[in-house]
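Residues: numbered from 1 along the sequence shown. Below, all heavy atoms of this structure are taken into account, side chains as well, without hydrogens, waters or symmetry copies.
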Amino acid sequence: TERLKNSIKVIKREGRWYVGPDPRARNPEGVKLTDIAFWMEFGTMNMPARPLFRPTLQYLRSHFSFFYQKFIKEVATK
């Protein structure tokens, strides 16, 4: 959903990075967006999974070296 997409944040908490919906965010009906994200990612008895985070993480893992090298080159040129 648009609301879910717009709530995705990068947060550092207790020395760890968290990427996902703001844990405090809710939709107009009061449902936590983290719950909706979970249901979208893994599906429910009535809805097939529509993964976002797992494919994104898999892509980043397989391309980490490329992104890291690009980052190092950009930092070195500044």
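Taking both residues in full, the closest heavy atoms of A49 and P51 are given as C-CD, 3.4 Å, listed atom of the first, atom of the second, then distance.
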Which donor-acceptor pairs under 3.5 Å do the side chains of residues 32-40 make with protein atoms, sequence neighbours left out?
none

Result block: side-chain N/O donor-acceptor pairs under 3.5 angstrom for residues 59-70, not counting sequence neighbours:
residue	atom	partner	partner atom	Å
S62	OG	Q58	O	3.3
S62	OG	Y59	O	3.0
H63	ND1	Y59	O	2.9

Could you go through residues 7-18 and list every donor-acceptor pair under 3.5 Å that involves a side-chain atom there, pairing it with any protein atom two or more places apart or in another chain?
residue	atom	partner	partner atom	Å
S7	OG	L4	O	2.9
K9	NZ	N6	O	3.4
Y18	OH	P21	O	2.9

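A donor-acceptor distance shorter than 3.5 angstrom exists from the side chain of E41 to the backbone of L52, with no hydrogens or angles considered.
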